[in-house]
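Worksheet: one structure, shown below.
To find a chain, count down the sequence lines: A is the first, B the second, and so on, and within it residues start at 1. These values consider heavy atoms only, across backbone and side chains, with no hydrogens, waters or symmetry-generated copies.
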There are 4 protein chains.
Amino acid sequence: MRPAPGRRRQILDTAARVFAAQGYDATTVRQIADAAGLLAGSLYYHFDSKESMLDEILSGFLDSLWTRYDTVLAAGLRPRESLAALVTASFREIDRHRAAVAIYQKESRHLTDQPRFGYLADAQRGFERAWLRTLESGVASGDFRTDLDVRLTYRFVRDTVWVAASWYRPGGQHSPEEIARQYLSMVLEGVALRDSHRTHDPHD
Amino acid sequence: MRPAPGRRRQILDTAARVFAAQGYDATTVRQIADAAGLLAGSLYYHFDSKESMLDEILSGFLDSLWTRYDTVLAAGLRPRESLAALVTASFREIDRHRAAVAIYQKESRHLTDQPRFGYLADAQRGFERAWLRTLESGVASGDFRTDLDVRLTYRFVRDTVWVAASWYRPGGQHSPEEIARQYLSMVLEGVALRDSHRTHDPHD
Amino acid sequence: MRPAPGRRRQILDTAARVFAAQGYDATTVRQIADAAGLLAGSLYYHFDSKESMLDEILSGFLDSLWTRYDTVLAAGLRPRESLAALVTASFREIDRHRAAVAIYQKESRHLTDQPRFGYLADAQRGFERAWLRTLESGVASGDFRTDLDVRLTYRFVRDTVWVAASWYRPGGQHSPEEIARQYLSMVLEGVALRDSHRTHDPHD
Amino acid sequence: MRPAPGRRRQILDTAARVFAAQGYDATTVRQIADAAGLLAGSLYYHFDSKESMLDEILSGFLDSLWTRYDTVLAAGLRPRESLAALVTASFREIDRHRAAVAIYQKESRHLTDQPRFGYLADAQRGFERAWLRTLESGVASGDFRTDLDVRLTYRFVRDTVWVAASWYRPGGQHSPEEIARQYLSMVLEGVALRDSHRTHDPHD
DNA sequence: TATGAATGAGAGTTCATTCAT
DNA sequence: GATGAATGAACTCTCATTCAT
């Protein structure tokens with residue numbers, strides 16, 4: 001009698017894993033069905049198209065991500081702390097939705113044109129606004145360097161975080177928080193040795 | 001009026017552009033043919049298959065890239081200079097082979113399994129060796145920080161450079177050298193403001 | 001109303017008929033589909049490929065044929081009876097698998113090179129062994145003539161039987177047994193009139 | 001200045017060889033061109049289509065064959081000698097036009113429908129008339145057996161000769177005349193041993 | 001005579017999707 | 001909820017043929 005809410009989720013997770021591994025276009029619904037243990041046709045009882053699976057995967061991930069981002073942005077933290085919180089939140093989402101993140105990175109660019117995926121462009125604009133605001137207020141407050149192109153810096157920070165999804169394996173030796181800390185250290189303090197590194201650990 | 005030794009190249013460049021924009025699997029040979037100004041079937045006069053176009057695009061790019069990397073690695077530079085030279089060479093290649101780089105990033109992961117694209121895995125191992133060696137000798141020489149996970153740093157530097165291909169547009173306001181300089185500054189010195197930034201420009 | 005375990009068979013029989021009539025290469029899967037009453041693409045729900053249909057047709061025929069031949073060869077008949085039994089069995093198979101036999105004759109020569117159809121060469125060798133053994137023991141026993149090249153005779157008997165598939169129509173005026181009897185009479189006794197033919201029918 | 005009459009012939013012979021080996025439909029004009037040492041497009045300087053090559057091969061063979069048959073039929077031989085002469089003429093043609101004969105046997109059945117190849121049906125009817133007349137006059141003269149179905153006997157004799165083309169290799173150990181003699185002996189006298197075989201060789 | 005490049009029709013095959021059971 | 005069979009559009013690729021050079 002239960003409509004089996006778990007089955008849907010399970011199929012969707014399977015689909016996400018396969019999409020992430022092979023690419024959306026290169027994945028056939030049969031492969032998803034095989035991996036989920038039913039026949040291709042049966043998927044259409046749960047979803048009305050392959051595209052709608054993709055849609056649900058991506059929008060689910062973005063919803064979850066924005067919930068976290070909004071919390072951070074609403075907290076009124078100082079620029080450095082805000083940036084740290086955004087990065088940490090991002091790595092936590094990579095940890096939880098690794099497949100979705102990988103799909104997002106591979107497919108989002110050419111999906112944004114389709115009306116159905118208009119929210120991808122919205123999200124993109126949202127990211128840009130959030131990061132830029134954080135960076136600019138950091139520059140204003142004297143937390144961040146002035147001599148860098150702020151758009152370039154924005155891209156640098158953004159990419160720096162998200163590409164980690166392409167190699168990060170949940171359950172590996174690094175926790176998302178640990179990775180976030182190291183990434184933040186590199187982004188903020190740089191890779192080159194300097195005096196401060198000799199005397200004390202630059203990250204708390 | 002020459003019967004076109006360049007026709008092959010022109011078709012290949014077109015294919016690369018379309019692959020980069022839409023993804024390899026999502027691109028049809030008709031789209032390539034349309035963009036190149038001939039019929040789909042006519043492509044097969046010049047190339048064996050869609051896959052062999054991809055092959056030629058990727059291997060051409062990697063050959064070119066390794067030629068530059070090898071020159072840098074053979075120069076015996078000090079770690080900081082070596083890293084700077086590798087980054088600059090990378091941005092120059094991104095500038096020259098933007099489409100190929102984008103394709104490489106999107107498709108290489110799932111292509112490495114196929115024997116035909118085995119050289120992708122070779123290249124990957126080569127990158128790893130080159131970057132790690134550079135970073136490790138920099139750590140040993142006191143140029144780079146000791147408190148960072150070197151593998152993590154390798155991935156950070158590597159990805160940080162290559163994702164730029166996803167937004168970089170040749171002919172824009174930044175030359176590859178200029179972008180390389182700013183990236184290097186961020187990677188080496190960090191984004192956060194510190195004393196040295198106040199008094200003088202740490203790069204050039 | 002059964003969902004059709006017979007559908008596969010029916011499609012395969014249709015394919016065999018079309019292959020026999022037009023030749024394998026000249027037959028399109030669309031023609032097969034039309035004749036079977038479905039769309040071309042739907043054939044691939046039942047079969048892997050056009051080639052696998054051919055494979056199944058030929059191997060099915062050869063299996064059936066060898067079942068009969070083995071029975072005859074294991075019976076330990078005297079050479080004349082053995083030859084008669086092989087010929088009769090052959091005509092019965094022609095009657096039952098006319099299309100497959102026609103395909104076998106037209107296509108087998110150039111298929112034997114392909115690994116997938118290696119069993120065709122095996123069958124060929126098996127035929128040769130069976131017929132030669134029968135003929136040679138008949139020569140030894142004094143049943144068959146000594147003055148003929150035994151390999152030439154083997155080919156004569158073999159071909160003489162199988163080409164009949166090219167004009168034989170099941171359900172015509174001659175039963176396979178009747179045709180076998182007349183063929184055997186011609187092969188064994190010849191077409192020319194001789195004394196024995198004047199006085200009595202040499203074959204009962 | 002010579003239009004190179006030899007080149008045409010050479011290409012046509014090459015085409016015949018390839019058609020015979022692989023089947024007409026399975027042969028591409030490129031394969032013919034490769035084997036003849038020019039490019040596919042260049043064939044169309046000599047012939048106006050692939051089909052016209054086939055046409056020329058088959059009609060050339062049939063013209064040659066009928067020239068010989070007509071000579072035999074016009075000679076007013078007695079039935080046995082006439083049959084012997086036809087069989088011998090056939091084996092000589094197999095020897096001279098092996099490829100054409102093989103093509104004729106494989107392809108003629110489904111070509112007869114096409115208007116262009118109407119002469120194949122004519123030839124078929126001509127064969128039937130010639131052989132039947134010979135056999136019937138032999139039956140009437142007491143040379144051939146009465147107790148056999150004359151149409152079946154016709155097919156038997158006809159097939160018996162022509163399938164030899166499928167294995168005969170010119171320049172092998174048997175001359176066409178030798179093969180004709182043995183075939184005639186089998187067809188006329190049979191394979192079974194009888195008194196006459198013990199005392200003298202039935203064929204001169 | 002031959003080449004190189006292209007055409008255009010059609011081949012085998014794949015695949016998302018539908019639907020009666 | 002799931003299956004088995006089918007659809008129909010689109011795909012990659014092949015190939016006979018054309019034609020300017």
* Structure fact -> Taken to the nearest whole Å, CZ/B/F47 to P/E/dA6 is 11 Å
* **Positive for side chain to side chain contact (heavy atoms under 4.5 Å, CB included) with C/E107, one of C/F117, C/Y24, C/F19** => C/Y24
* Asked: With respect to the phosphate group of E/dA2, does any side-chain polar atom (N or O) of D/R7 fall under 4.0 Å of OP1 or OP2?
  -> yes
* Asked: Contact class for B/T27 vs. all strands (heavy atom < 4.0 Å): base, sugar-phosphate, or nothing?
  -> sugar-phosphate
* Asked: Atom CD1 of A/I32 to atom C1' of E/dT14: distance rounded to whole Å?
  -> 15 Å
* Indicate whether OP1 or OP2 belonging to F/dA6 is found under 4.0 Å from a side-chain N or O atom of C/H46. => yes
* Please give, in whole Å, the distance from E/dA9 P to D/K50 NZ? -> 19 Å
* To do: Calculate the interatomic distance between A/Y45 atom OH and F/dA2 atom P; express it in whole Å.
  => 8 Å
* Which sits closer to the 5' end of DNA chain F, C/G37 or C/R30, going by the nucleotide each is nearest to? -> C/G37
* Structure fact -> Between CG of B/L39 and P of E/dG8 the distance, given in whole Å, is 6 Å
* To do: Check the distance between E/dG10's P and C/Q31's CD and give it to me in whole angstrom.
  => 12 Å
* Give a yes or no on this: more than 12 heavy atoms of other residues, nucleotides or ligands lie within 6.0 Å of atom CZ of B/R98. => yes
Provide a list of protein-nucleic acid N or O atom pairs under 3.5 angstrom, restricted to nucleotides 18-21 of chain E.
none

* To the nearest 0.5 Å, tell me how far B/E51 CD sits from B/R116 CZ. => 4.5 Å
* Counting a pair only when it is Watson-Crick or G-U and both distances are under 3.5 Å, which runs of at least 3 such pairs involve DNA chain F? -> E:2-21 with F:2-21
* Taking CG from C/L38 and C1' from F/dG4, how many angstroms apart are they, rounded to a whole number? -> 14 Å
* Between F/dC15 (C1') and D/D34 (CG): distance, integer Å -> 13 Å
